[in-house]
Q: 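Attaching a single structure in structure tokens format; questions to follow.
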Amino acid sequence: MKFQFSFKEYDPKAEAVYGTILTLGNGHIGIRGEVELEPTIHGTTVAGVYDYTPYFYREIVNAPRVIGLQIFFNGEPISLSTQKLLKYERELDIENATLTTKIDLKTQNNGRIHYESLRLVHGKKKSLILLKFRIKVSEDGILTVISPIKTNVVNPSYRDEIMVKHLKVKDMEDKEEGIYAEVETLDGKYRIGIASSLISETTAKRISTKSAEGIAEVLTLTVKKDRTYEFVKYVVVLSSEIPNLKESAFQQLQEAKSLGFDKLYDEHKKYWDEIWKRAKIEIDGDKEAEKGLNFSIFHLVQSMPIDSRISLTARGIHGFGYRGHVFWDTEIYALPFFMAVFPKKAREMLMYRYNNLNAARENAKLNGYRGAQFPWESADDGYEATPSLIPLDMTGKKVVRIYTGEEEHHITADIAYAVELYYKLTGDEEFMSRYGLEIILETARFWASRVKYDEKKGYIIEKVIGPDEYHEHVNNSFFTNLMARYNLILAAKYFEIAKNSGGEWIKTLERVNVTEKEVQKWLNIAEKIYTPRQENGIFEEFDGYFDLVDYILDPYDFGEERLPEEIKENLGKTKIIKQADVIAAQYLLKDQFDLETIRKNFDYYIIRTTHASSLSMPPYAIVASWLDYEDLAYDYFMKCAFIDLYNLYGNTQDGFHLATAGGVWQIIFRGFCGIDIHNGEIEINPKLPKKWKAIRLKFFFRESLLSLEIRNDTVKVKLLQGRDVKIRAFGKDSVVKHGEEIVLSK
Ligand code: BGC
């Protein structure tokens, strides 16, 4: 695979968008893509490092900036904003996970400067960042390179002019090996230790400076015209779970320096080579789609957490959007990709939920319920982190009230759903018997206490917000009620399995203390849970939805801008919905509906959806492909695959849309390839867009690694590793054995 993304126009306003799409990361560290020679408010993200913040409870901390450089030639700054820019070229190479920058400048004194750099956040050595750069000047003179660890960083907040300080400096030291800075979050929970060293190929004079801005190494050298001078900046970023932070940081710095850039770079390339061997998807007949798809996969992989202390956040290690919180985006949109391609990582992300089960239990209790209620937005401690209000002005007089934290309860069922999907795909019994089961039981317990009995309707769920967030405080949301029912049935099913399995399964049942009687009650609720009414086959999104004001939208357009002002202000009174809701439920619970019912609902809701959330198009695209609405499915797929490259939602600067990226993979997997798991068998029902000749992809099914080539009339499956797998395609069954390839044709 060869994928390079080039950007040749410098626009200070666009830098924030490049910042996101050119982010490099390894799950532990994220370095945004802003050019290193210019100042930016963005520092470094260290996954899992949060601090208390007004309104948003806890937010991911903007850690010290380590990638920036200040360069002076004969006293003049080599900066894009003060000198004449002759050339600006940046290239993200997703094959090798590197970012190159090439800049030519003409100085005020008519000198010419050429600067080029190669940046990487090491794939394998999770704490290491490398920047190799070269400078060429057109006259002899004095070159000064300042390489700082900038500790005076702050977080952008709900308004641009409001910044939140999260870090205090605990230590700054200059040693022969390099400079060191250590910061602590204001709540005292985390420390970050950074060691950095700038090496010049040519002899240079070195000093260091300390100031309120941080600590810096300064190299000064006499340079000759037209000669290239090369430097390597080594940076090690550690967070406080590592003992002896300073010692470890210097030790890792020394190790990196003694290995040298080339060896480290080779190791990094090998790491990414292995990633792509597994994760790459090829599309014959549509190189553009292939690029967008693998670009999405690249950013998902870069955000893959390194352990279970934190899970994938809504905007990744790429930015501060949604404050680094974890939503249902993770379980419903992103996790299926990891379950199939990096199953160990999917397990860790589910373990994050398990590790926060006690917080979820407390959350349920606090709200007057039983069992475990997962927060709508979760940070490092698993408590509810959704803001309940956000001020709109400086004085705090105008506020927007946010109800999702109090009412968007479906997340609890979404997590249980993901646990079962993980088990179906991986067969990881150790996880399921010890941890997954506990999540499923405790979440079912929550729903049993959340429902109310109504004489006419049976069990109802009042005052919720479904995925469609335009309508608040609604009763009997189709999505919520159906997912709650699914959760209850799941718990009863796994209770039976556990009872008959012994071992860890039984231990978990004992720990959770579930009785037959309680399970009977769950089944009874599930049976009588109210399904919102149906009119002409269309399910009402929630009680009273059909009585709202109607408004029809063009399904090929998206966003709220197209709506008239009076509609925009009264969305809750209209039938307009923000994102896939009934259709998202029909996607997730496909087996409960026949295709004709799905079609009726799709036709109805698609022209009433704004897709104002980037989570909307993926489920619609998948269902569209099932319904043979090929043009629409393809149109949505392409929009999702290029959502950040083209900044389609206008907020790419806040971070990468990882739910959409996961959705892009799911459109391929569940939509165009039509892959589904039934009774331990993989079913494939291809619906490739017309111009696509073939899709080639790999995924794991129960520890067996499969390589597939899918065309509309043939499916080839090869078993690369693991046990036999049953495959069904075009109504034919077959078994693929180790090392073998089978071909199923129409
Ligand atoms: C969407 C939610 C989503 C959240 C974070 C909101 O705009 O409506 O479904 O979880 O963004 O991505």
Side-chain angles (χ1 to χ4, degrees), residues 20 56-57 59-60 158 296 299-300 303 310-336 349 353 374-379 384-388 390 400-415 417-418 464-472 474 477-480 483 541-542 558-561 568 571-572 576-585 587-588 605 608-620 640 643-644 648-664 666:
T20 296
F56 305 97
Y57 179 49
E59 70 179 343
I60 185 120
Y158 54 91
S296 307
H299 284 289
L300 274 171
S303 301
I310 191 68
S311 188
L312 201 84
T313 65
R315 296 303 197 88
I317 42 147
H318 301 64
F320 302 108
Y322 290 111
R323 314 280 137 194
H325 291 174
V326 183
F327 293 69
W328 74 312
D329 304 37
T330 304
E331 281 76 16
I332 296 297
Y333 286 79
L335 263 185
M349 290 187 235
R353 293 297 191 181
F374 283 102
W376 173 242
E377 295 184 28
S378 186
E384 183 58 75
T386 312
S388 53
I390 300 180
V400 44
R401 178 77 169 85
I402 298 185
Y403 290 99
T404 47
E406 287 147 67
E407 297 184 8
E408 203 154 349
H409 290 177
H410 63 81
I411 178 130
T412 293
D414 304 337
I415 291 169
Y417 179 96
V464 296
I465 298 177
D468 160 28
E469 294 173 348
Y470 288 161
H471 300 93
E472 297 163 329
V474 304
S477 132
F478 180 83
F479 187 94
T480 312
M483 290 298 283
E541 195 188 273
F542 51 83
F558 67 97
E560 284 165 8
E561 296 71 36
K568 249 195 259 177
L571 281 167
I576 299 175
I577 66 171
K578 182 179 178 188
Q579 64 200 87
D581 185 304
V582 170
I583 299 308
Y587 162 53
L588 296 174
Y605 283 108
R608 290 173 174 84
T609 307
T610 61
H611 305 296
S613 160
S614 68
L615 276 64
S616 190
M617 279 188 250
Y620 273 119
C640 293
I643 179 173
D644 287 310
L648 293 181
Y649 276 75
N651 56 11
T652 290
Q653 64 277 8
D654 299 334
F656 207 82
H657 290 87
L658 286 183
T660 319
V664 168
Q666 288 195 62

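One-based numbering, in listed order, for ligands and for the atoms of each.
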Q: Between Glu541 and Ser477, is any pair of side-chain heavy atoms under 4.5 Å apart?
A: no
Q: Listed by chain and number, what are the side-chain hydrogen bond (donor to acceptor under 3.5 Å, both in side chains) partners of His471, not counting sequence neighbours?
A: Asp468
Q: Run through ligand 1 for me and note each protein residue having a heavy atom under 4.0 Å from it, chain first, then residue number.
A: Tyr322, Phe327, Trp328, Asp329, Trp376, Glu469, Lys578, Gln579, Ser613, Leu615
Q: Could you grab the distance from atom CZ of Phe374 to atom CD of Glu384, nearest 0.5 Å is fine?
A: 12.5 Å
Q: Is the shortest distance from a Lys or Arg side-chain nitrogen in Glu472 or Arg401 to a carboxylate oxygen in the other one below 4.0 Å?
A: no
Q: Charged N to carboxylate O under 4.0 angstrom, Glu331 versus Arg353?
A: yes
Q: If you define the side chain from C-beta out and look only at heavy atoms, does anything of Val474 sit under 4.5 Å from Ile465?
A: no
